[in-house]
Each structure stands twice: as C-alpha cells, then as structure tokens.
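Worksheet: the structure to be examined is printed underneath.
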Amino acid sequence: VQLQASGGGLVQAGGSLRLSCAGSGRTLSGYHMGWFRQAPGKEREFVAAISRYGGSTYYADSIKGRFNVSRDNAKSTVFLQMNSLKPEDTAVYYCAAGRYGGSTSEYEYDYWGQGTQVTVSS
C-alpha cells in the first residue's frame, strides 16, 4: 500500500490544521493506522493511532484533548485534526499502516507516507 500525507503548513499558535493520509494500491481498511511526528534533532514519536474500522483510538499524552484521529475507509483516507496547536507541535508528520492495533511503536508499522511539514509560530 502507498500512503500520501498532505495538509501541513504554517499556522499560528492556537490555530488548527487537518492532515490527510490517502492510501492507494490496497484498501486501508485492512490496516491499523498511525500518525507519528519528528521534530528537528529529535527522534520520531508516536502521535495517534486508529484501529481498522475506527472503533478504537489511541493518543500520546502530549496531544490528548487537542488532536483527533479518524478514518474514512470508503475513501481510503485517514485524518488527523489538530486543534490548539502549540509551537512544540512543529514537526514533520508521518502516517503509517500496520497490522497491530493500538501500537505506539514505529517498528510495528509496515508502510509509511512521505511526511508533511507542520510549523506552528508563536
């Protein structure tokens, strides 16, 4: 499966962005999906995950209550709605597809998108 992340950009602190991850090649309904991010000079970290049919969602403590992950399997797309953005949310955001639900480890995801840059100004 090929993944294409989009929707990043420059936003002021307190603003919102909605990231999209479109899948092609195989339907995304066969995969649990995750979002990760990597800030300059830091390791890639888990942000959010959603089960194959959207029944379960998982969030990192740092974004809980501000971000929401959802999916539309009919459109083979996963979303990350980001609200109340902070400068520390600045990073390249990646979507990933895997076989294990709720995994926060990047090593349990098999397919990755190319990343989309999110920059939050103070």
If only side-chain N and O atoms count, and only distance matters, is there a donor-acceptor pair under 3.5 Å linking Ser105 with Ser103?
no
Does one hydrophobic cluster hold both [X] and [Y], with members joined at side-chain heavy-atom distances below 4.5 Å?
{"X": "Phe79", "Y": "Met33", "value": "no"}
{"X": "Tyr94", "Y": "Leu19", "value": "no"}
{"X": "Val11", "Y": "Ile63", "value": "yes"}

Apply side chain to side chain donor-acceptor pair (under 3.5 Å) to Gln38 and list each qualifying residue two or more places apart in sequence or on a separate chain.
none
Side chain to side chain donor-acceptor pair (under 3.5 Å) against Ser16, all qualifying residues, sequence neighbours excluded
Asn83
Do you know which two heavy atoms are closest between [X] and [Y], and how far apart they sit?
{"X": "Tyr59", "Y": "Ala48", "result": "CD2-CB, 3.7 Å"}
{"X": "Gly7", "Y": "Thr116", "result": "N-OG1, 4.0 Å"}
{"X": "Val78", "Y": "Ser70", "result": "CG1-O, 3.3 Å"}

In Å and rounded to the nearest 0.5 Å, what is the [atom1] to [atom2] distance from [X] to [Y]?
{"X": "Leu10", "Y": "Gln117", "atom1": "CG", "atom2": "CD", "answer": "9.5 Å"}
{"X": "Arg71", "Y": "His32", "atom1": "CZ", "atom2": "NE2", "answer": "8.5 Å"}
{"X": "Ser76", "Y": "Gln4", "atom1": "OG", "atom2": "CD", "answer": "12.5 Å"}
{"X": "Lys75", "Y": "Asn73", "atom1": "NZ", "atom2": "CG", "answer": "12.5 Å"}
{"X": "Tyr31", "Y": "Leu3", "atom1": "OH", "atom2": "CG", "answer": "9.0 Å"}

Should the pair Phe46 and Phe36 be assigned to parallel (<30°), tilted (30 to 60°) or perpendicular (>60°) ring geometry?
perpendicular
Met82 and Tyr93, any side-chain heavy atoms less than 4.5 Å apart
yes
Does a side-chain heavy-atom distance below 4.5 Å link Phe67 with Trp35?
no
Quick one: which residue pairs count as a salt bridge (Lys or Arg N to Asp or Glu O under 4.0 Å) with a foot in residues 29-39, not counting sequence neighbours?
Arg37-Glu45, Arg37-Asp89
Applying salt bridge (Lys or Arg N to Asp or Glu O under 4.0 Å), name anything that partners Lys42, two or more places apart in sequence or on another chain.
none
In chain order, what residues pass the salt bridge (Lys or Arg N to Asp or Glu O under 4.0 Å) check against Asp110, with sequence neighbours excluded?
Arg99
Side chains of residues 49-58: which donor-acceptor partners sit under 3.5 Å, not counting sequence neighbours?
from, atom 1, to, atom 2, distance (Å)
Ser51, OG, Gly55, N, 3.1
Ser51, OG, Ser56, N, 2.9
Ser51, OG, Ser56, O, 3.4

Hey, does the side chain of Thr119 reach the backbone of Thr90 with a donor-acceptor pair shorter than 3.5 angstrom?
no
